[in-house]
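The structure under discussion appears below in the form of C-alpha cells.
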Amino acid sequence: MTPDEIVTDINARNREALYGRADYHHLTHEEVLALMDAAAMQGFRMGSNLALSMVKGALLVQLTRAAGMERDTPV
C-alpha cells in the first residue's frame, strides 16, 4: 500500500467508528479524545507493522545472499 492508500484506509475506518455510534452528535470531550487516541494507536500499529515487515524483508535478503555466497565458496 502507498502512504496515501494507508491514510485513506485509516480515515475510512475512523469515520466508520465515529459515525457508527448512534450518539456521535453528543460525544463528550473525553469521548472524542478517546476516539482520537484509538485512531492514533491504529496508525502507530500500522506504521510499526510496516517497519517490521521492511526489516524482516531486508534480513531475508541478507540471509539469502549470505547463503548463496557460502554455496559459491570452494571448500
Side-chain angles (χ1 to χ4, degrees):
M1 292 180 88
T2 67
D4 287 338
E5 290 171 331
I6 292 169
V7 170
T8 299
D9 183 54
I10 291 173
N11 190 5
R13 289 182 197 186
N14 291 341
R15 290 178 185 279
E16 285 176 16
L18 175 63
Y19 297 129
R21 296 177 56 129
D23 63 343
Y24 76 91
H25 286 296
H26 307 288
L27 294 175
T28 66
H29 294 305
E30 288 301 315
E31 289 169 326
V32 170
L33 290 173
L35 286 172
M36 290 172 65
D37 288 345
M41 284 306 298
Q42 181 183 18
F44 177 78
R45 267 189 238 105
M46 184 171 272
S48 296
N49 289 340
L50 180 62
L52 183 60
S53 293
M54 291 174 70
V55 168
K56 285 181 178 179
L59 288 173
L60 180 61
V61 168
Q62 287 179 356
L63 289 172
T64 303
R65 285 183 182 159
M69 291 175 142
E70 288 177 6
R71 276 189 264 133
D72 294 340
T73 307
V75 179

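Residues: numbered from 1 along the sequence shown.
Note that CG of Asp4 is 11.5 Å distant from CG of Asn11, once rounded to the nearest 0.5 Å. Rounded to the nearest 0.5 angstrom, Tyr24 OH and Leu35 CG are separated by 13.0 Å. Summarising the geometry, atom CD belonging to Glu5 is positioned 7.5 Å from atom OG1 belonging to Thr8; distances are rounded to the nearest 0.5 Å. Leu63 CG to Arg65 CZ: the interatomic distance, rounded to the nearest 0.5 Å, is 11.5 Å. Once rounded to the nearest 0.5 Å, the distance linking CE of Met36 with CG of Asn14 reads 10.5 Å. One distance of note links CD1 of Ile10 with CD of Gln42; it measures 5.5 Å at 0.5 Å rounding.
When side chains are defined from C-beta on, Leu27 counts as touching Leu18, because their heavy atoms get closer than 4.5 Å.
The salt bridge (Lys or Arg N to Asp or Glu O under 4.0 Å) pairs that include a residue from residues 26-51 are Arg21-Glu31, where partners are two or more places apart or lie in different chains.
Hydrophobic clustering of Ile, Leu, Val, Met, Phe, Trp and Tyr side chains at less than 4.5 Å, counting indirect connections, keeps Leu52 apart from Val61.
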